[in-house]
Every structure is written in structure tokens, then in C-alpha cells.
There are 2 protein chains.
Amino acid sequence: MENTIDFLKNYGLSITESRKKILSLFTQTKGALAHADIERNASVNFDRVTIYRTLQTFVDKGIIHTIPTADNSVLYALCKDTCKEGHHHDNHVHFICDSCDTTYCLDNVTIPAVVLPEGFIAKQSDVVISGICKNCEVIKE
Amino acid sequence: MENTIDFLKNYGLSITESRKKILSLFTQTKGALAHADIERNASVNFDRVTIYRTLQTFVDKGIIHTIPTADNSVLYALCKDTCKEGHHHDNHVHFICDSCDTTYCLDNVTIPAVVLPEGFIAKQSDVVISGICKNCEVIKE
DNA sequence: TAAGTTCCTGCAACTGTGTTGCAAAATATT
DNA sequence: AATATTTTGCAACACAGTTGCAGGAACTTA
């Protein structure tokens, strides 16, 4: 509880119910969250618009980042400390489990360098891998 | 013209105006197309629904494939010959130019193998790189 | 802690994207 | 050419996301 408040203050954000609730939802969750996940959550009964704006504020401040997915839904996950305001460093691989549908940020897996054709200059790389996650693999055995 | 008809026949599709027009739009375009691009195109004045259904048919038949993008819009591009019905082999890197907004399928750039943590099994990888494309780089000089 | 300022929230309304059902029209089949 | 099958266009709908604005919170300063 105290942590959430200090955390928000450090980012220069005023302390509001929606920000506290949504932030702690992220810290309590292993995987990434969609807007709909948050809206569905009983403890977070705010207006859709408020949730959108809170998420956008967090993205702007470098608290969370968006994840591109194959089925074109937007997912959000907590950033690492290296993310600064307006300057994301989410150079990690995202993993989507086909079985439980959880999205993971694999922070320790760096994106391999890709050799582009002559004339192409890379600035940002997004890698999304889908398959079976650690948890589901164990269950299936 | 003849080509388009034979092409569609080979995929077991009946020959209709919308399929011919939309298919030739793809063959005439370097980069990938969004649904909106097609709808905007003067030569393709079909109903929105028809365009959606035609694109879906092409995806189902393995003629085009969808591309995941960071800003969560759906893009479509022609498949290579290796794509079969219901079985896409689009193991290539997608490149989005920040300057001209064109999306390229870099067919000759294969996706590098990524080492996942213990217990994670990869089935499909999507790599989207953004930056400056060959064309825009030349112009800027 | 009270007053005023600033910022956030909820509501309503709107835009854009994609889907579905159905009748009419076009294409394929014989 | 006549019939059966597909495809199209329209209307209506579902859903995600955005914007403007008034009222209500949270901050600031004294």
C-alpha cells in the first residue's frame, strides 16, 4: 500500500484511487494485462475512459509498455527500471502461451541482431513468440 | 489480366470483380496494405464488407497473410509460393518505415533463433522491425 | 485546515473497425 | 438457357478507443 503511493509520487503523479488500484493489479500479475482484463476485475470498477486514460498516463511516464500481439489486441505490462519517461527500453522478447493465453515479458532474453538488406536502418525491434509456457508444459506431463 | 484470372482459378476461387481488383492492387504494390488503403483506392469501390470478406478469403486460401504491427492495425501482404491453404510459412521479418509508413516483407531475412528460458516451447515467431527503409534513406541524403 | 488552483473522473456522444443476417445479383454448373 | 451455388451490398449491430465538458477529487499555499 505505502509502496504504491511512493512509487506514483516518484513518477510525479498525483495519488488517485484508480492509479493505485490499477498499479497494484499490475504488480500482482505475472503476465501482461489487456484493457478488458482490467475492466473485468471486480476491484477496479472505474469508467472505461478512466482506465484508458490511466493506462495512457502510465505508458507516457514509462511505468508500463504496450505489447504488440498477433491477434491485434493491445496488452500492457510493467516496464523495467531502465524505462524512462517517453523513452522505452523494452528490448525484450514477448511470449504468448497458446494454451493459457498469458503474455510474458522475457526480460532476460535479448532480441538477436537481425541483418537487414542494404539501405534499411533498424531503430526498434519487436519480437513476439507464441507457443507453450513453462507452466502449461508442466501441467500437460 | 489473364494472369489474375488463372491465379484465382488455381486457388479454386470463382472469378469476381472484387477479387480481381483487390488481387491486382496487391501485385502492383511494393509494401503491405491496410483495409483502409484498399477502401480508399479509387479503382476499388466495393462495400466495406466485401473488402473484409475478400481479404479473409485470401488469407484462408494462403494468398495473403496478416502482419502484426506495433500500433495495432491489421496489414495484409502477398504470401510467397510456399504458403499453402491454412498453413502459412511467413517466417520472414517485417519492416515498417517510420518515414513513409510502408511495410515491407523482407523475404530474404530469416528470423533468428531465440533462446528461451527452460520450459518455454516456441511455435511461431513474429519479428517486426521499424526504422528507415531503403527508399527514404536515399531521399534524405 | 480552509481557500483556491490544478488535475482527475464519469457521463454522453462520437468515430473507426470489424461482424452477421438476409435478399438481390453475379458466377458457376449441367 | 435454366438451375444451383457463391458473392455482393445493405442495414444493423458489437466493440474498442477518443473527445468535450461539468463536477469532484487531490494538491498547494498560507
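Chain letters run A, B, ... following the sequence lines, proteins first, then strands; residues in each count from 1. Note that the structure is predicted; figures quoted are calculated from it, not measured.
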Evaluate the criterion side-chain contact (heavy atoms from CB on, under 4.5 Å) for residue pair A:Thr103 and A:Ile67; output intermediate values, then yes/no.
CA-CA 9 Å; A:Thr103 297; A:Ile67 303 173; 3.9 Å; yes
Specify the separation, in whole Å, of atom CG of A:Leu8 and atom C1' of D:dC27.
14 Å
Starting at atom CD1 of B:Ile51, determine the distance to atom P of D:dT7, rounded to an integer number of angstrom.
16 Å
Sugar-phosphate atoms are those with a prime plus P, OP1 and OP2; base atoms are the rest. Using that split, label each nucleotide of nucleotides 24-30 of chain C B, S or - for protein heavy atoms under 4.0 Å, 5' to 3'.
---SS--
Note the angle between the end axes of the helix from C:dT1-D:dA30 to C:dT30-D:dA1, five pairs defining each, rounded to 10 degrees.
40°
Suppose we screen for side-chain contact (heavy atoms from CB on, under 4.5 Å). Which residues come up paired with B:Asn41, at least two apart in sequence or across chains?
B:Leu25, B:Ser43, B:Val44
Is there a side-chain polar atom (N or O) of A:Thr54 under 4.0 Å from OP1 or OP2 of C:dC8?
no
A:His65 side-chain N/O to A:Ala77 backbone N/O, donor-acceptor pair under 3.5 Å
yes
Hydrophobic clustering (ILVMFWY, side-chain heavy atoms < 4.5 Å, transitive) - are A:Ile5 and A:Leu13 grouped together?
yes
Between P of D:dA16 and CG of A:Leu75, the distance in whole Å:
13 Å
Do B:Thr50 and B:Ser18 meet the criterion of a side-chain donor-acceptor pair at a distance under 3.5 Å?
no
So what does B:Arg19 hit on the nucleic acid, given a heavy-atom distance under 4.0 Å: a base, only sugar-phosphate, or nothing?
sugar-phosphate
What's the CG-P distance between A:Leu55 and C:dC8, to the nearest Å?
14 Å
Any donor-acceptor pair under 3.5 Å linking the side-chain atoms of B:Thr4 with those of B:Arg19?
no
Between the protein and nucleotides 2-5 of chain C, which nitrogen or oxygen pairs are less than 3.5 angstrom apart?
none

Whole Å only: how far is the CG atom of B:Asp47 from the C1' atom of C:dA23?
14 Å
Strictly by ring-ring contact (aromatic ring centres under 6.0 Å, His included), give each pair with a member in residues 116-137 of chain A just once, sequence neighbours left out.
A:Phe120-B:Phe95, A:Phe120-B:Tyr104
Out of C:dG18, D:dA16, D:dA11, minimum distance to the side chain of B:Tyr52 belongs to C:dG18
Would you kindly confirm whether A:Leu33 and A:Leu78 end up in one hydrophobic cluster when ILVMFWY residues are joined by side chain heavy atoms under 4.5 Å apart?
yes
Report the distance from atom CD of B:Gln56 to atom C1' of D:dT8, rounded to the nearest whole Å.
17 Å
So if you build clusters from Ile, Leu, Val, Met, Phe, Trp, Tyr with side-chain heavy-atom gaps below 4.5 Å, do B:Leu55 and B:Ile15 land together?
yes
Residue B:Thr50, side-chain atoms from C-beta onward, closest of D:dA12, D:dG9, C:dG10
D:dG9
Determine whether a donor-acceptor pair (one donor, one acceptor, N or O, separation below 3.5 Å) exists between the side chain of A:Arg53 and the base of D:dG17.
no
Taken to the nearest whole Å, NZ/B:Lys20 to P/D:dT7 is 15 Å
Test of understanding: clusters of I, L, V, M, F, W, Y form through side-chain heavy atoms closer than 4.5 Å, transitively. Do A:Phe46 and A:Val59 belong to the same one?
yes
With a 4.0 Å cut-off, would you call B:Asp37 and B:Arg40 a salt bridge?
yes
What residues form a salt bridge (charged side-chain N to carboxylate O under 4.0 Å, His left out) with A:Asp47, not counting sequence neighbours?
none
Taking N and O atoms by type only, does the side chain of A:Arg48 place a donor or acceptor under 3.5 Å from a partner on the base of D:dG17?
yes
Taking D:dT8, D:dC10, D:dG17 as options, the one with an atom nearest any side-chain atom of A:His35 is D:dG17
